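All residue numbers in this chain count up from 1 along the given sequence. Remember, predicted model here, so these are calculated numbers, not experimental data.
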Amino acid sequence: AVGVGHADPYKAANKTEGSTTMQFTELTNVSPEIIRATQAMGFTDMTEIQDKAIPLMLAGHDMIAKAHGTGKTVAFGIPILSKVDPASLKPQAVILSPTRELAQQIAQDLQNLAQFLPDIKRLRYGGAGMDKQQRQLKAGCQIVVATPGRLMDHYRHHAIDVSDVKTVVLDEA
């Protein structure tokens with residue numbers, strides 16, 4: 001079951017005959033590099049959460065979504081990567097995960113989605129030493145994946161500037 005906080009913004013005409021969800025290639029406002037990454041990852045048809053969430057997030061809607069199974073990281077990852085300004089090296093999106101292992105998994109999934117976007121500096125997460133992460137944050141990145149505790153550690157040490165953050169995801173909230 002999927003619950004999404006808004007109605008679908010696209011028309012049923014965008015769906016292929018007999019298909020219950022869109023294909024990634026049908027996303028018109030997503031860069032060819034991201035579509036290419038979904039193909040490289042072996043994805044064609046969207047899962048239900050992706051089909052419902054991606055168009056809403058691309059349109060700038062806030063949302064709460066719940067889905068069983070896979071696909072949630074791609075559902076929020078594509079819109080985040082689509083909106084990131086590669087010219088800015090300040091964090092623009094923060095993804096919070098309850099565990100280091102899940103943060104690492106999210107970071108890997110986002111790295112795969114961004115594999116053809118060389119200007120995206122991304123994916124810093126808990127589990128590595130604070131000094132190393134602080135150096136990486138100082139060097140710049142647009143997307144931060146972290147546990148709440150590690151994000152607060154960086155914030156308390158003035159290692160992260162969240163003034164340009166436009167998107168926050170609470171994964172597994």
Side-chain angles (χ1 to χ4, degrees), residues 4 22-25 27 29-67 69-128 132-151 154 159-162 164-173:
V4 179
M22 286 177 59
Q23 293 188 338
F24 288 101
T25 55
L27 292 170
N29 49 353
V30 172
S31 76
E33 293 83 6
I34 295 173
I35 299 301
R36 184 174 159 209
T38 62
Q39 293 168 333
M41 295 167 74
F43 300 152
T44 54
D45 294 332
M46 293 186 205
T47 64
E48 188 178 3
I49 187 64
Q50 294 161 350
D51 182 63
K52 291 179 185 268
I54 292 171
L56 288 171
M57 290 183 70
L58 287 171
H61 293 282
D62 291 341
M63 60 178 291
I64 296 173
K66 178 181 177 183
T70 61
K72 292 183 288 287
T73 303
V74 171
F76 63 73
I78 287 176
I80 287 172
L81 290 169
S82 296
K83 293 180 178 197
V84 163
D85 176 5
S88 172
L89 291 178
K90 287 186 176 181
Q92 299 164 44
V94 172
I95 301 161
L96 292 176
S97 161
T99 67
R100 178 182 52 175
E101 293 78 19
L102 183 56
Q104 290 171 327
Q105 179 184 330
I106 292 166
Q108 184 60 56
D109 289 346
L110 289 176
Q111 195 149 359
N112 290 338
L113 276 175
Q115 64 185 299
F116 302 113
L117 300 169
D119 295 332
I120 304 297
K121 308 290 185 252
R122 57 207 177 263
L123 317 179
R124 311 294 188 232
Y125 48 82
K132 179 180 178 183
Q133 288 179 346
Q134 286 175 346
R135 284 191 303 275
Q136 290 173 329
L137 287 166
K138 186 174 181 148
C141 67
Q142 294 98 351
I143 302 169
V144 175
V145 182
T147 59
R150 182 52 59 100
L151 181 68
H154 286 304
I160 187 167
D161 177 2
V162 294
D164 285 354
V165 171
K166 307 270 188 300
T167 304
V168 176
V169 174
L170 304 177
D171 196 19
E172 299 290 333

Do any pairs count as a side chain to side chain donor-acceptor pair (under 3.5 Å) and have a residue in residues 32-43, sequence neighbours left out, and if so which ones?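 Only Ser31-Glu33 qualify under side chain to side chain donor-acceptor pair (under 3.5 Å).
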
Show me the pairs that pass side chain to side chain donor-acceptor pair (under 3.5 Å) and involve residues 77-94, at least two apart or across chains.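 Found Lys90-Asp161.
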
To the nearest 0.5 Å, what is the distance between [atom1] on [X] and [atom2] on [Y]?
X	Y	atom1	atom2	value
Lys138	Ile160	NZ	CD1	14.5 Å
Ile95	Ile106	CD1	CD1	6.5 Å
Ile54	Thr47	CD1	OG1	7.5 Å
Gln105	Thr99	CD	OG1	8.5 Å
Asp51	Leu56	CG	CG	10.0 Å
Phe76	Leu170	CZ	CG	10.0 Å

Please report the shortest heavy-atom distance between [X] and [Y], naming the atom on each side.
X	Y	result
Gln115	Ala40	NE2-CB, 3.8 Å
Ala103	Val145	O-CG1, 3.5 Å
Ala65	Met63	CB-CE, 3.6 Å
Arg100	Thr147	N-CG2, 3.6 Å
Phe24	Asp45	CE1-O, 3.8 Å
Glu172	Leu102	CG-CD2, 3.1 Å

So, using side chain to side chain contact (heavy atoms under 4.5 Å, CB included) as the criterion, who are the partners of Val165 when residues are at least two apart?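 Pro91, Val94, Val162, Val168.
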
Side chain to side chain contact (heavy atoms under 4.5 Å, CB included) with Pro148: which residues, sequence neighbours excluded?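 Residues passing side chain to side chain contact (heavy atoms under 4.5 Å, CB included) with Pro148: none at all.
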
Side-chain (Asp171) to main-chain (Ser97) donor-acceptor, under 3.5 angstrom: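 Judged by distance alone, no pair lies under 3.5 Å.
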
Does [X] reach the side chain of [Y], with side-chain heavy atoms less than 4.5 Å apart?
X	Y	value
Leu117	Val84	no
Met46	Leu27	yes
Gln136	Lys132	yes
Arg150	Gln133	yes

Among Leu113, Ile80, Ile143, which residue satisfies the side chain to side chain contact (heavy atoms under 4.5 Å, CB included) criterion with Ile120?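 Answer to the side chain to side chain contact (heavy atoms under 4.5 Å, CB included) test with Ile120 among Leu113, Ile80, Ile143: Ile143.
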
Just to verify, what does Thr167 make a side chain to side chain donor-acceptor pair (under 3.5 Å) with, not counting sequence neighbours?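 In terms of side chain to side chain donor-acceptor pair (under 3.5 Å), with neighbours along the sequence ignored, Thr167 is linked to no residue.
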
